[in-house]
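Structure first, commentary second.
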Amino acid sequence: DQQVKQNSPSLSVQEGRISILNCDYTNSMFDYFLWYKKYPAEGPTFLISISSIKDKNEDGRFTVFLNKSAKHLSLHIVPSQPGDSAVYFCAASARGSNYKLTFGKGTLLTVNP
Amino acid sequence: GAGVSQSPRYKVAKRGQDVALRCDPISGHVSLFWYQQALGQGPEFLTYFQNEAQLDKSGLPSDRFFAERPEGSVSTLKIQRTQQEDSAVYLCASSAGGNRDLSNQPQHFGDGTRLSIL
């Protein structure tokens, strides 16, 4: 039973345009969400996070939006750059066990020059 | 080093052999985590250490899997009598957080050990 779902296995965008990666979750106990970026043969790299008390967090070109009622979050990358091409994982943790991350299956983002 | 270091990067073993995977966390990081990532999947939680104490091992698939962190720094994940379904990338992560609420202490991952069981 996938508690964190990334329904798009892949996404392709043009350089300079916006990339929007989506993530849905089912566990109402999740209260902290993270995005990780992963290049081939490397470990995931932390990108940005958001607590459930917020609905938006921004860091440079990266913005994460959280819609708790819909149990949905998204990562926006503006403007997209070829170096952003990687697999993006959405992860969540729950109250009482915030150390345990539950990951989605990932979305492969390709940014074309 | 500056990041989480894992060794070996690649390990090939025959079914039935025992293997040991090593993780050197970021210096000073209190918390250490092991995850298993199967092909095409996201990482799945295996176990969590705070210093030398193993506070959660609920994700370990079977009693063939054992993890330790005896001095609160380096950790070893051991798999006994390996089976083909153990083939995966094993990721180690560490964070500076010293309690169970790690909301503001993101986990930093190593590059993993790719384990192949023949």
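Naming convention: chains lettered A, B, ... in sequence-line order (proteins, then strands); numbering from 1 in each chain.
Residue B:Glu71 places its CD atom among 12 or fewer non-hydrogen atoms of other residues, nucleotides or ligands, all under 6.0 Å distant. For CD of B:Glu44, the number of neighbouring non-hydrogen atoms (other residues, nucleotides, ligands) closer than 6.0 Å is 12 at most. Around the CG atom of B:Leu118, the shell of radius 6.0 Å holds more than 12 heavy atoms that belong to other residues, nucleotides or ligands.
A continuous path of hydrophobic side-chain contacts links A:Trp35 to A:Phe62 [ILVMFWY only; heavy atoms under 4.5 Å]. In terms of hydrophobic clustering, with Ile, Leu, Val, Met, Phe, Trp and Tyr side chains grouped at heavy-atom distances under 4.5 Å, B:Trp34 and A:Phe46 are assigned to different clusters. Residue B:Leu55 is grouped with residue B:Tyr35 when hydrophobic side chains (ILVMFWY) are merged at heavy-atom distances under 4.5 angstrom, including chains of intermediate members. Using a 4.5 Å cut-off between side-chain heavy atoms of Ile, Leu, Val, Met, Phe, Trp and Tyr, with links allowed through other members, A:Ile48 and A:Ile20 fall into different hydrophobic clusters. Under the 4.5 Å side-chain heavy-atom criterion for Ile, Leu, Val, Met, Phe, Trp and Tyr, A:Val87 and A:Leu73 are members of distinct hydrophobic clusters.
Side-chain contact between A:Phe89 and B:Gln37 is present, with heavy atoms from C-beta onward closer than 4.5 Å. Using a 4.5 Å heavy-atom threshold, the side chains of B:Phe45 and A:Phe103 count as separate. Using a 4.5 Å cut-off on side-chain heavy atoms (C-beta onward), B:Phe33 and A:Leu101 make no contact.
For the residue pair A:Ala41 and B:Asp111, the shortest heavy atom distance occurs at O-CB, 4.1 Å. The two residues A:Pro44 and B:Gly110 make their nearest non-hydrogen contact at CD-O, 4.5 Å.
Relative ring orientation between A:Tyr99 and B:Tyr48 is described as parallel, the plane-to-plane angle staying below 30° on a 0-90° scale split at 30° and 60°.
Rounding to the nearest 0.5 angstrom, the gap separating the CD atom in A:Gln2 from the CD atom in B:Gln41 is 6.5 Å. The structure places CD of B:Gln107 at 8.0 Å from CG of A:Leu34, a figure rounded to the nearest 0.5 Å.
Heavy atoms closer than 4.5 Å to chain B are found in the side chain of A:Tyr36, but not in its backbone. Heavy atoms of B:Arg9 lying under 4.5 Å from chain A belong exclusively to its side chain.
Across B:Pro43, B:Gly40, B:Gly112, B:Cys92, the residue that shares the most heavy-atom pairs under 4.5 angstrom with chain A is B:Pro43.
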